[in-house]
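Below you'll find the structure, written out as structure tokens, and then a few comments.
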Amino acid sequence: KEVSDGVYAWLANGDTSKNNPTNRGSIAAWAWGFHRCVDYLVTDRNVDARHIASVGHSRNGKTALLAAAFDERIALAIPHQAGCGGTAPSRGKIGESVQRINSAFPHWFNAQFKQFNEATERLPIDQNCLAALCAPRPVLFSNAQEDQWANPSGQFEVLQAADPVYRFLGVEGLAAKELPPLRHLVDSRLGYYIREGKHSMTAGDWEVFMNFADRQWGKPTK
């Protein structure tokens with residue numbers, strides 16, 4: 001399956017040679033959409049342009065992290081239960097694999113990613129590099145205990161591997177040395193949270209997101 005419609009078809013202006021699945025994926029297009037939303041938000045006088053966050057669940061969590069990595073106007077990122085191709089390591093052995101994600105959702109990533117389906121050890125980078133691109137801005141990885149498909153423990157390892165970049169830039173990275181207990185928010189610049197439950201975004205999750213933002217930005221004044 002190749003998805004060639006939408007924004008990529010528009011950008012190609014009818015030239016099919018410019019709409020090549022080897023050179024793009026849907027998640028990148030969705031992140032581009034995030035950036036266009038930011039274009040508007042920074043012009044709105046009712047919005048504090050210094051405090052724009054990208055938040056997303058599952059595939060939109062992957063998108064939220066990618067959007068933040070490539071746009072410094074996004075001051076905080078919360079990729080929620082993003083898993084493989086987002087916040088979990090591509091070389092991970094738990095949950096969704098590179099081969100599985102490229103088979104089930106072949107349009108999400110460019111065709112070059114598929115050459116690593118059965119050889120993730122050959123990948124020159126992993127998702128810690130994407131998280132590190134957000135440095136020194138705050139990033140929260142949030143998870144659910146029963147959502148092992150998203151590899152919550154592997155996501156913690158990704159944060160650990162991104163931590164040195166934050167510290168190199170003179171800010172605190174990940175404060176925790178090991179996985180925290182359930183419902184305990186690690187609210188350092190690189191944050192982590194895991195709760196009971198499955199693959200979902202709940203009202204309780206949003207409370208955690210807001211608490212993390214308050215910790216990083218300070219509580220808003222009336």
Side-chain angles (χ1 to χ4, degrees), residues 24-32 34 53-72 74 76-144 147-169 173-176 178-180 186 188-194 199 212:
R24 51 91 177 125
S26 296
I27 287 177
W30 300 332
W32 182 86
F34 274 45
S54 60
V55 181
H57 173 236
S58 195
R59 64 181 180 181
N60 284 324
K62 306 179 203 297
T63 304
L65 181 60
L66 183 64
F70 285 93
D71 194 334
E72 293 185 353
I74 296 175
L76 183 149
I78 303 177
H80 178 61
Q81 299 177 347
C84 184
T87 49
S90 296
R91 301 186 186 100
K93 305 301 182 184
I94 298 172
E96 190 170 32
S97 66
V98 170
Q99 184 174 36
R100 172 62 179 172
I101 203 169
N102 279 332
S103 299
F105 307 104
H107 56 290
W108 281 5
F109 300 97
N110 71 52
Q112 293 297 325
F113 194 33
K114 296 170 180 59
Q115 68 180 292
F116 301 101
N117 280 353
E118 298 180 5
T120 54
E121 72 281 357
R122 292 179 49 243
L123 282 164
I125 59 172
D126 214 322
Q127 296 310 106
N128 58 298
C129 298
L130 184 61
L133 283 174
C134 297
R137 291 167 289 154
V139 177
L140 171 64
F141 285 9
S142 51
N143 288 279
D147 184 20
Q148 292 301 311
W149 194 243
N151 193 359
S153 60
Q155 291 187 45
F156 187 79
E157 293 171 357
V158 166
L159 292 176
Q160 288 178 310
D163 172 84
V165 176
Y166 278 73
R167 297 188 184 276
F168 175 77
L169 294 176
L174 178 65
E178 57 187 26
L179 276 169
V186 178
S188 49
R189 193 71 65 99
L190 285 173
Y192 185 89
Y193 179 77
I194 186 167
H199 194 67
F212 181 75

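Throughout, residue positions are numbered sequentially from 1 according to the sequence presented. Just so we're clear, the structure is a prediction, and the values are computed from it rather than from any experiment.
Residue Glu118 places its CD atom among 12 or fewer non-hydrogen atoms of other residues, nucleotides or ligands, all under 6.0 Å distant.
Remark: the backbone N or O of Gln155 is not paired with any side-chain donor or acceptor of Thr87 at under 3.5 angstrom. With Gln81 contributing its side chain and Ala150 its backbone, the two residues share no donor-acceptor pair below 3.5 Å. Of the possible donor and acceptor atoms, none in the side chain of Tyr166 sits under 3.5 Å from a partner among the backbone N and O of Pro138.
Here the side chains of Ile194 and Leu179 are not in contact, with every heavy-atom distance at 4.5 Å or above. Side-chain contact check for Pro152 versus Ile94: every heavy-atom pair is 4.5 Å or farther apart. At least one side-chain heavy atom of Pro180 sits less than 4.5 Å from a side-chain heavy atom of Phe156. Proximity of Ser90 to Phe113: side-chain heavy atoms (C-beta onward) are separated by under 4.5 Å at one or more points. The side-chain heavy atoms of Asn151 and Cys84, taken from C-beta on, include no pair separated by under 4.5 Å.
Applying the ring-ring contact (aromatic ring centres under 6.0 Å, His included) test to pairs two or more places apart or on separate chains, those with a residue in residues 79-103 are His57-His80, His80-Phe209. Sorted by first and then second residue, the side chain to side chain donor-acceptor pair (under 3.5 Å) pairs with a member in residues 120-130 read Arg91-Asp126; sequence neighbours excluded.
The minimum heavy-atom distance between Ala132 and Ala162, with the atom names listed, is N-CB, 4.2 Å. Contact between Arg137 and Asp71 at its shortest, heavy atoms only, is NH1-O, 3.0 Å. When all heavy atoms of Ala135 and Leu169 are compared, the pair lying nearest together is CB-CD1, 3.6 Å. In terms of heavy atoms, Ala53 sits closest to Ile74 at C-CG2, 4.2 Å. Between Val158 and Ala88 the shortest heavy-atom distance is CG2-C, 4.1 Å. Contact record, Ser188 with Ala175: OG-N, 3.0 Å, taken as the closest heavy-atom pair.
Atom-to-atom distance recorded for Ile78:CD1 and Tyr193:OH is 12.5 Å, nearest 0.5 angstrom. The OG atom of Ser97 lies 8.5 Å from the CG atom of Asn102; values are rounded to the nearest 0.5 Å. Taken from CG in Leu65 to CG in Leu130, the straight-line distance is 4.0 Å, to the nearest 0.5 Å. Note that the CZ atom of Arg189 and the SG atom of Cys134 stand 12.0 Å from one another [nearest 0.5 Å]. With values rounded to the nearest 0.5 angstrom, Glu157 atom CD is found 10.0 Å from Leu159 atom CG. The structure places CG of Asn143 at 9.0 Å from CZ of Phe141, a figure rounded to the nearest 0.5 Å.
Phe105 is linked by a ring pair (Phe, Tyr, Trp, His ring centres under 6.0 Å) to Trp108, counting only residues two or more places apart in sequence or in another chain.
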